[in-house]
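Residue numbers begin at 1 in each chain, while the letters A, B, ... track the order of the sequences.
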Protein chains: 2
Amino acid sequence: MSKDRELRDRAQIVIPGGMYGHQKADWLPPAYPQYFERSEGTRLWDVDGNCYIDYMCGYGINLFGYGERSIDEAARKQAALCDGMTGPAPVIVELAEKLVSMISHADWAMFCKNGTDANSIAMVCARAYANKKKILIATGTYHGSAPWCTPIEEGITPEDRANNVYFEYNNLESLRAAFKQHEGDVAGVFATPFRHEILADQFDATAEYAREARRLCDEHDALLIIDEVRTGFRLARGSSWDAFDVKPDLSSWGKVLANGYPISAVVGSEKARTAASKIFVTGSFWFSAVPMAAALQTLKLIETTDYLEVSLTLGHALRSGIQEQAERYGFDLHQTGPVQMPQILFANDKEMKLGFAWTQAVLRRGVYLHPFHNMFFNAAMTRADIAETLEATEASFKEVLNDPSRLQPFAEKT
Amino acid sequence: MSKDRELRDRAQIVIPGGMYGHQKADWLPPAYPQYFERSEGTRLWDVDGNCYIDYMCGYGINLFGYGERSIDEAARKQAALCDGMTGPAPVIVELAEKLVSMISHADWAMFCKNGTDANSIAMVCARAYANKKKILIATGTYHGSAPWCTPIEEGITPEDRANNVYFEYNNLESLRAAFKQHEGDVAGVFATPFRHEILADQFDATAEYAREARRLCDEHDALLIIDEVRTGFRLARGSSWDAFDVKPDLSSWGKVLANGYPISAVVGSEKARTAASKIFVTGSFWFSAVPMAAALQTLKLIETTDYLEVSLTLGHALRSGIQEQAERYGFDLHQTGPVQMPQILFANDKEMKLGFAWTQAVLRRGVYLHPFHNMFFNAAMTRADIAETLEATEASFKEVLNDPSRLQPFAEKT
């Protein structure tokens with residue numbers, strides 16, 4: 001029996017359903033391992049010793065690869081002094097100053113642990129701003145797993161979402177109608193820099209949508225919130241919608257902020273400061289110094305290295321390489337979203353037969369792609385990694401083409 | 001200008017209100033520092049170099065003192081292999097097995113980051129259990145800072161709490177009435193092992209209350225949830241209500257679980273397993289291995305050392321020493337709650353004049369007491385620490401008695 005199987009059997013006893021949340025391997029094709037025992041740079045090792053080039057980066061929590069030395073060193077230096085205490089360490093002020101200097105709309109920052117924390121704070125802050133209730137959310141966008149936003153409704157009541165108003169992403173009429181329907185009671189609008197949902201092609205926000213969201217918020221004295229948890233510092237060295245010249249009032253950050261150390265943040269404009277100072281939000285570990293020191297060094301690398309350009313270059317190389325292969329082997333592939341946050345889906349593959357067969361074949365060749373979640377590049381990636389990946393993807397296209405018996409529908413995996 | 005003042009001035013610009021949450025020093029008397037730069041064992045150093053014996057333990061997050069070596073070593077060993085990845089490390093299974101073995105009612109465990117996460121999961125799980133809505137909460141108890149439970153209502157809507165039903169702690173009639181009023185729709189009851197709220201004397205749960213809560217939950221097929229976030233492993237080496245022979249269906253743990261490393265947990269009984277496996281809760285850093293390795297070593301120390309007996313002995317020594325001093329100097333002092341989680345308030349001191357003057361005098365003598373929040377002992381405490389503390393408290397009683405000009409009302413501090 002594999003070590004992975006043995007651990008899964010033990011977990012079945014002591015963890016509900018064997019695992020929970022976004023890291024539950026049951027959602028994945030059967031060849032995917034549940035447990036890993038080592039990580040370094042671009043690589044992951046599962047508990048049975050298989051090594052993978054990891055295109056998930058821990059579901060987006062690292063930007064500079066696993067165990068980036070200067071970030072780990074900053075964390076170790078801080079840990080030698082202090083971490084969580086009866087009050088914060090000076091690094092909380094330095095980190096807030098740094099974010100304010102890097103994010104164009106930011107006049108202040110607050111720190112928490114998860115993306116859900118940051119989005120919940122932004123939501124409550126928007127409601128405190130002018131004492132209004134309704135929060136406009138694009139249908140189907142993921143903003144976390146708290147009762148007001150978790151995508152699965154078990155244990156959730158209608159009251160938890162009574163003040164959520166849904167509109168269609170990129171649809172100006174739909175957004176205007178939501179404002180109109182709740183005239184005088186719209187507290188804020190959640191924006192996602194681009195559309196990145198599971199099991200679907202990714203697509204960009206339009207400039208018109210971004211600008212209209214800003215205009216409507218101004219007209220109705222509501223706050224515009226950009227959820228940068230997944231996109232932050234992956235699209236730009238600051239706010240993602242600077243590209244549209246649209247500044248939000250609040251934005252939420254997490255994932256890569258400290259290259260894997262646990263910290264998230266809300267930043268806001270002057271306009272939202274009073275509201276942010278009135279709400280009560282806190283957590284036992286929100287003031288811990290080690291992740292803040294790691295975040296400061298991560299931000300320094302973001303400012304001073306060409307990580308973004310490297311990811312773009314390699315991301316393009318991977319995308320065009322896979323595209324060329326897919327065409328050669330006759331597959332209709334959708335590669336969508338920014339190249340550094342790629343989504344790869346097969347056309348007309350609702351049951352994921354092709355997607356599962358191909359990503360499993362790629363996995364067996366030492367490359368961890370995700371069959372239906374957007375992926376992530378990190379700055380440790382090299383041309384050699386891309387070349388190795390392209391060898392694996394090509395061999396896998398060939399395998400899928402030659403052995404249709406590998407095509408099993410999605411439903412059969414559980 | 002002190003370094004603390006300088007940092008506060010800088011923070012005023014980049015952090016709303018200068019600081020937020022439970023670590024905001026504005027709630028404290030003016031002599032209290034906001035920022036700390038070092039911690040070790042029982043001691044904290046503020047940014048101006050003052051050293052304190054810390055009776056807050058980072059608001060309860062350490063049980064074995066700051067920087068306990070074997071726990072830090074376990075964390076370092078894990079960090080050398082991996083922390084947050086694209087899937088969990090085997091330590092998640094080991095940790096779940098360990099909690100199941102130590103907590104009498106636990107058949108399974110799930111991990112998250114903050115106490116608020118754990119309580120929110122328990123709440124959603126209770127509602128998923130039999131598809132009912134109402135959660136019974138004792139008025140004034142703190143269960144976290146999410147919209148459904150945060151104690152300050154800025155930015156919170158009535159809908160966020162539409163399914164909370166409040167009853168009076170330790171009051172059987174009140175609890176029965178809440179069940180009756182919502183007959184058929186009670187999903188769960190939140191219990192706190194004993195009553196530990198700010199600005200108030202602490203008091204124990206009665207056995208009758210604990211047993212009636214259990215009986216009513218059984219009668220109405222609702223889940224009994226014990227919030228052990230603050231009390232966990234401080235009252236017992238397992239579930240706090242084992243003392244009453246009352247087993248909950250769910251309990252939430254955090255704070256000391258990894259002696260300061262960021263992790264919290266929900267554990268539950270067989271009865272709650274299916275519900276727990278159906279809900280969707282997750283977080284970017286919930287699967288990180290380092291805090292889990294630290295938790296395993298913390299639990300080993302909990303099982304194998306006399307930390308609890310040491311805290312009880314020293315807690316009694318401190319309480320009786322302070323009591324003797326208070327009587328000698330003619331102060332009517334309320335020392336309440338378990339000795340290892342002491343609350344110290346002066347009688348008839350609504351404006352906190354005595355409390356603030358005395359704790360500030362103690363602080364200047366190198367001992368960090370909290371004027372209105374329960375405090376925490378850790379296992380690094382020694383008889384010498386207690387002796388040093390008692391010197392400080394005695395001198396401070398004398399000072400307050402001799403210089404009534406030090407008595408400033410609570411309101412003037414801000």
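Contact annotation for B/Asp107: only backbone heavy atoms (N, CA, C, O) come within less than 4.5 Å of a heavy atom of chain A. With a threshold of 4.5 angstrom between heavy atoms, B/Pro147 approaches chain A through side-chain atoms but not through N, CA, C or O. If you measure heavy-atom distances from B/Ala11 to chain A, the contacts under 4.5 Å come from both the backbone and the side chain. With a 4.5 angstrom heavy-atom cutoff, A/Ile92 touches chain B via backbone and side-chain atoms both. Residue contact with chain A, scored on non-hydrogen atoms closer than 4.5 Å, involves the side chain of B/Val100 exclusively. Interface remark: B/Leu7 contributes backbone and side-chain atoms alike to the contact with chain A (heavy atom separation under 4.5 Å). Proximity to chain A (any heavy atom under 4.5 Å) is restricted, for B/Gln12, to the backbone atoms N, CA, C and O. If you measure heavy-atom distances from B/Asp117 to chain A, the contacts under 4.5 Å come from the side chain alone.
Atoms OG1 and CE, on A/Thr157 and B/Met123 in that order, are 8.0 Å from each other to the nearest 0.5 Å. To the nearest 0.5 Å, the span separating CG on B/Leu81 from CZ on A/Arg38 amounts to 7.5 Å. The OG atom of A/Ser288 lies 10.5 Å from the OH atom of B/Tyr261; values are rounded to the nearest 0.5 Å. With rounding to the nearest 0.5 Å, the separation of CD1 in B/Ile279 from CD1 in A/Ile152 is 10.0 Å. Atoms NZ and OG1, from B/Lys113 and A/Thr116 in turn, are 13.0 Å apart once rounded to the nearest 0.5 Å.
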Evaluate B/Ile13 against A/Trp108 for side-chain contact (heavy atoms from CB on, under 4.5 Å), listing each step before the verdict.
CA-CA 7 Å; B/Ile13 300 168; A/Trp108 53 262; over 6 Å; no
If you apply the rule side-chain contact (heavy atoms from CB on, under 4.5 Å), what do you find for A/Val124 with B/Ile156, and how did you get there?
CA-CA 6 Å; A/Val124 171; B/Ile156 305 304; 4.0 Å; yes
Apply side-chain contact (heavy atoms from CB on, under 4.5 Å) to residues A/Tyr20 and B/Phe280 and explain how you reach the verdict.
CA-CA 7 Å; A/Tyr20 54 98; B/Phe280 186 79; over 6 Å; no
Test side-chain contact (heavy atoms from CB on, under 4.5 Å) on A/Arg127 and B/Asp160 and set out the steps.
CA-CA 12 Å; A/Arg127 298 196 308 201; B/Asp160 293 326; 2.4 Å; yes
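Taking the charged nitrogens against the carboxylate oxygens, B/Glu159 and A/Lys133 do have a contact shorter than 4.0 Å, which makes a salt bridge.
Annotation for B/Glu37 and A/Cys82: closest pair O-SG, 3.6 Å, computed over non-hydrogen atoms. Looking at every heavy atom in both residues, B/Phe287 comes nearest to A/Gln23 through CB-OE1, 3.3 Å. Taking every heavy atom of both residues into account, B/Ser39 and A/Met85 meet most closely at CB-SD, 3.8 Å. Considering all non-hydrogen atoms of both residues, A/Pro90 and B/Val47 come closest at CG-CG1, 3.5 Å. Minimum heavy-atom separation, A/Gly17 to B/Ser277: N-CB, 3.6 Å. Closest approach of A/Arg273 and B/Val14 over heavy atoms only: NH1-N, 4.3 Å.
The candidate from A/Ala128, A/Gly283, A/Ser145 with the greatest count of non-hydrogen atom pairs under 4.5 Å with chain B is A/Ser145. Of all the listed residues (B/Pro262, B/Cys125, B/Pro158), the one sharing the greatest number of non-hydrogen pairs under 4.5 Å with chain A is B/Pro262. In terms of heavy-atom pairs under 4.5 Å with chain B, the best-connected choice from A/Lys278, A/Met56, A/Gln78 is A/Lys278. Contact count versus chain B (heavy atoms, under 4.5 Å) is highest, among A/His370, A/Glu40, A/Met19, for A/Met19. For chain A, the option among B/Asp54, B/Asp83, B/Asn163 with the highest count of heavy-atom pairs below 4.5 Å is B/Asn163. No other option in A/Gly87, A/Gly67, A/Gly260 has as many heavy-atom pairs under 4.5 Å with chain B as A/Gly87. Residue with the most contacts toward chain B among A/Gly58, A/Cys57, A/Ala289, A/Ala162: A/Gly58 (heavy-atom pairs, distance under 4.5 Å). Taking chain A as the reference chain and counting heavy-atom pairs below 4.5 Å, the highest number among B/Asp72, B/Val290, B/Ile61, B/Val91 is found for B/Ile61. When the candidates B/His22, B/Gln34, B/Lys3 are compared by the number of heavy-atom contacts under 4.5 Å with chain A, B/His22 comes out ahead. Contact count against chain A (heavy-atom pairs under 4.5 Å) is highest for B/Pro88 among B/Pro88, B/Gly144, B/Pro33, B/Gly84.
Scored by the side chain to side chain contact (heavy atoms under 4.5 Å, CB included) test, B/Ala109 finds B/Ala96, B/Leu99, B/Phe111, B/Val267 as partners (sequence neighbours excluded).
When B/Tyr66, B/Tyr55, B/Tyr52 are each tested for a side chain to side chain contact (heavy atoms under 4.5 Å, CB included) with A/Thr86, only one passes: B/Tyr66.
Within a 6.0 Å radius of CG in A/Asn131, no more than 12 heavy atoms belonging to other residues, nucleotides or ligands are found.
A donor and an acceptor atom, one from each side chain of A/Ser284 and B/Asn114, are nowhere located under 3.5 Å apart.
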